[in-house]
Amino acid sequence: MTPNHEWGTIGQLVFGGTVSSQLLTQPTPLVVVVVGLMVTTGVVSGYVALFAWRRRSMPGASGLAVLAFASGWWSSGYLLELVVADVALKLTLAKLQWVGVLAAPIAWFFFAFSYAGRDRFTSPPSLCVLSLLPAVGLLAVWTNSAHHMMWTSVTVVPAVGRTITVLQTEWGPLYWIVLGYSYLLWLAGAIVIFRTALDMPNIYRLQATTLILGTLMPVLGNFATTLLELYGAAIDMTPAAFAFAGLACTVAISRYELLESRPVPRWVARDRVVETMADAVVVTDTKWRVTDVNRAAAQVLNDTPAELKGRPVGDVVEEFSPDQRDTDQVTVRLGSSQRYFELRTSSFCDHHGRDIGHALVFRDVTDRRLNLQQLEVMNRVLRHNLRTEANLLEGYANLVLDDIDGGEFDDARDHAQTLQDHAQTLVNISQKARKLGATRGSDGNGDARLHPAAVQIRAATDAVRADFACANVRLLELPDNDVVCAPTLEPIVRELVENGVEHNGSSTPVVSVTASWEDDELVIRIEDNGPGIDASELAAINAHGETQLRHASGLGLWLVKWGVDQLGGTVVYHRREEGGTEVVLRIQAVRAE
């Protein structure tokens with residue numbers, strides 16, 4: 001690139017035509033104002049850049065810092081360009097300014113979209129795409145002499161005597177493309193800030209208004225300069241106009257808490273709330289095909305959103321049918337356990353009142369159902385079992401007293417033994433109630449201290465052997481020690497083994513325990529030679545609740561069920577053909593590394 005040193009007359013070269021003549025009649029005031037504004041831009045931009053950089057963790061702060069730095073760089077470089085007389089140095093300064101010229105629109109876009117909560121447009125890949133054309137433009141600036149795509153010629157002309165000179169540039173095709181692209185970035189940022197603040201509280205509207213008006217000034221200055229350059233040389237008004245942008249940011253910072261608080265657009269709030277809420281949300285179209293799910297729904301349904309979308313809702317949630325949308329509760333299988341969800345279905349319409357889809361909200365009520373079950377069982381124990389045992393204690397105590405008064409000491413001893421047996425029953429109920437309290441206060445799945453399943457099973461059988469010397473408790477098979485499980489497993493196994501011994505009428509109760517690792521599950525089989533569990537006992541358990549006409553006689557089976565539920569497993573009771581009961585536990589255990 002070789003600059004043209006033909007100066008021409010001052011009246012024809014500053015702005016061109018009659019405009020130039022009018023300007024040159026009083027050049028000093030205008031130049032003083034422009035120079036003063038550029039100095040102001042440098043000072044204010046430095047303040048805004050420092051303020052934003054110190055808060056760079058806030059959304060949009062990095063973009064604002066880069067914008068302020070770019071505007072200050074541009075203004076300082078242009079001020080030096082105006083006063084430097086050496087042509088080569090003047091051209092080098094002009095090229096250096098392009099760093100700020102090209103960075104400012106991108107920084108504004110980044111700040112505006114971060115401010116508005118549209119974070120997906122400010123990710124590194126998005127910024128790389130947005131910066132591609134400016135990067136090409138910057139490369140073209142420094143290699144222009146080889147292709148002349150940014151400008152075809154540059155002429156140095158005086159603006160005020162020979163003290164301040166400007167470059168008159170004949171721009172090339174790539175310059176106009178870069179200029180239009182920059183305008184689009186400025187416009188996109190202004191629009192997104194305006195739309196965000198439109199339905200926000202007043203402080204955010206004031207923030208947005210100040211920012212948009214302030215940043216509009218450099219755009220107008222650049223547009224005016226571009227028009228004037230069509231007639232001849234013109235002082236670039238853009239760096240001077242950045243003073244207004246810097247002042248606007250300063251006002252927004254000092255008066256309207258810019259960067260201290262961030263507006264949350266309505267669509268962002270709704271999107272984040274739905275996506276992060278604990279309730280599972282499934283959105284369908286009018287044909288009940290899944291169109292969207294939130295994170296909780298994907299976890300509950302054990303599938304990815306991409307796999308769920310497009311499928312009929314009846315295939316996704318087997319227990320739900322659009323014809324039975326008023327169902328209060330739906331059970332969804334989560335892994336190998338059962339989770340209970342309260343379903344609420346609603347339709348949503350467009351602005352004309354036409355149905356466009358449905359929203360299914362599943363609220364996990366498993367813990368609530370468990371608490372209700374436990375309260376029902378404890379209520380029954382207090383109301384029925386304890387009262388019955390207390391009445392029996394009172395009756396046999398009276399018999400003992402009567403026998404003693406009548407001198408019938410053998411009968412008194414027999415009645416006292418029965419009294420002791422019923423007292424032991426009360427003690428057992430108390431112990432099981434204490435276990436119930438421990439179960440309510442812990443989460444088997446959440447315990448990080450996993451223990452070998454074999455150790456827990458062995459400890460459970462050893463404890464039963466110690467309590468029941470007459471019983472034959474056989475431990476036939478155990479998994480490897482690398483199979484670990486939450487410590488809730490031990491009381492479950494002990495309860496089942498005890499149940500097989502206590503409710504066994506034979507002189508030598510026999511209980512066999514077999515545990516193995518099958519298909520990534522811990523499978524435990526407990527068999528006894530007793531009379532088998534009464535069907536009425538299992539009816540309440542399988543129905544997930546008790547009534548006055550249907551309830552289990554004790555707490556043992558309930559403790560087993562609740563413990564297995566906490567471990568994410570299942571328990572099944574089978575009546576053996578040769579007599580007795582087989583209990584099959586399937587537990588979600590893991591292999592330790």
Side-chain angles (χ1 to χ4, degrees), residues 1-6 13-17 19-20 34 38 41 66-67 70-71 73-82 84 87-109 128-157 159 165-190 215-242 245:
M1 177 180 62
T2 303
N4 188 339
H5 294 281
E6 296 180 0
L13 294 176
V14 179
F15 286 99
V19 177
S20 302
V34 171
M38 282 190 283
T41 298
V66 174
L67 174 61
S71 62
W73 178 273
W74 187 354
S75 300
S76 301
Y78 189 66
L79 182 60
L80 291 175
E81 177 194 327
L82 290 177
V84 166
V87 177
L89 181 56
K90 185 183 287 286
L91 293 175
T92 301
L93 290 171
K95 290 180 180 181
L96 289 173
Q97 293 168 48
W98 277 93
V99 176
V101 172
L102 296 172
I106 300 173
W108 165 251
F109 182 94
C128 288
V129 173
L130 288 171
S131 303
L132 183 60
L133 181 58
V136 171
L138 185 60
L139 179 64
V141 166
W142 288 94
T143 60
N144 186 75
S145 59
H147 48 72
H148 299 290
M149 293 294 292
M150 288 299 290
W151 60 80
T152 57
S153 65
V154 175
T155 304
V156 179
V157 296
T165 57
V166 298
L167 297 176
Q168 182 178 357
T169 307
E170 296 294 333
W171 298 112
L174 184 56
Y175 167 81
W176 299 107
I177 295 175
V178 172
L179 180 66
Y181 181 73
S182 299
Y183 283 167
L184 287 177
L185 292 180
W186 285 103
L187 181 63
T215 54
L216 181 64
M217 298 304 294
V219 177
L220 293 177
N222 184 267
F223 185 72
T225 302
T226 303
L227 290 179
L228 292 172
E229 285 181 339
L230 297 177
Y231 299 96
I235 294 179
D236 192 352
M237 300 295 179
T238 313
F242 268 116

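Leu167 CG to Glu81 CD: the interatomic distance, rounded to the nearest 0.5 Å, is 4.5 Å. In this structure, the separation between OG on Ser182 and CG on Leu133 is 8.0 Å, given to the nearest 0.5 Å. How far CG of Leu220 is from OG1 of Thr225: 10.5 Å, rounded to the nearest 0.5 Å. One finds the OH atom of Tyr183 at 12.0 Å from the CG atom of Leu187 (value rounded to the nearest 0.5 Å). We find the NE2-OG1 distance between His147 and Thr152 to be 12.5 Å, quoted to the nearest 0.5 Å. Once rounded to the nearest 0.5 Å, the distance linking CG of Leu102 with CD of Gln97 reads 11.5 Å.
Contact between Gly189 and Trp108 at its shortest, heavy atoms only, is CA-NE1, 3.5 Å. The heavy-atom pair separating Met237 from Gly221 by the smallest distance is CB-O, 3.8 Å. In this structure, Tyr181 and Val129 approach most closely via the heavy-atom pair OH-O, 4.4 Å. Closest of all the heavy-atom pairs between Pro239 and Ser75 is O-OG, 3.1 Å. Residues Ala104 and Leu67 share a closest heavy-atom pair of O-CD1, 3.5 Å. Of all non-hydrogen atoms in Pro218 and Thr238, the two that sit nearest each other are O-CG2, 3.6 Å.
At distances below 3.5 Å, not a single donor-acceptor pair connects side-chain atoms of Lys95 with backbone N or O atoms of Lys90. In this structure, the side chain of Thr226 engages the main chain of Asn222 through a donor-acceptor pair within 3.5 Å.
Summarising the local packing, CH2 of Trp73 is surrounded by 12 or fewer heavy atoms from other residues, nucleotides or ligands at distances under 6.0 Å.
The shortest side-chain heavy-atom distance between Leu82 and Val166 falls under the 4.5 Å cut-off. Side-chain contact between Val141 and Trp151: present, with at least one pair of heavy atoms (C-beta onward) separated by less than 4.5 Å. Contact annotation: the side chain of Ile106 never approaches that of Phe109 to less than 4.5 Å [non-hydrogen atoms, C-beta and beyond].
By the side chain to side chain donor-acceptor pair (under 3.5 Å) test, Thr92 is found to be paired with no residue, residues two or more places apart in sequence or in another chain being considered. Remark: Ser71 pairs with Ser45 by the side chain to side chain donor-acceptor pair (under 3.5 Å) rule, at least two apart or across chains.
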Would you be so kind as to tabulate the donor-acceptor pairs closer than 3.5 Å made by side chains of residues 169-176, with sequence neighbours excluded?
| unit_1 | atom_1 | unit_2 | atom_2 | d |
| --- | --- | --- | --- | --- |
| Trp171 | NE1 | Glu229 | OE1 | 3.0 |

### Query
Under the side-chain contact (heavy atoms from CB on, under 4.5 Å) criterion, do Val157 and Thr165 qualify, and how do the steps go?
CA-CA 5 Å; Val157 296; Thr165 57; over 6 Å; no
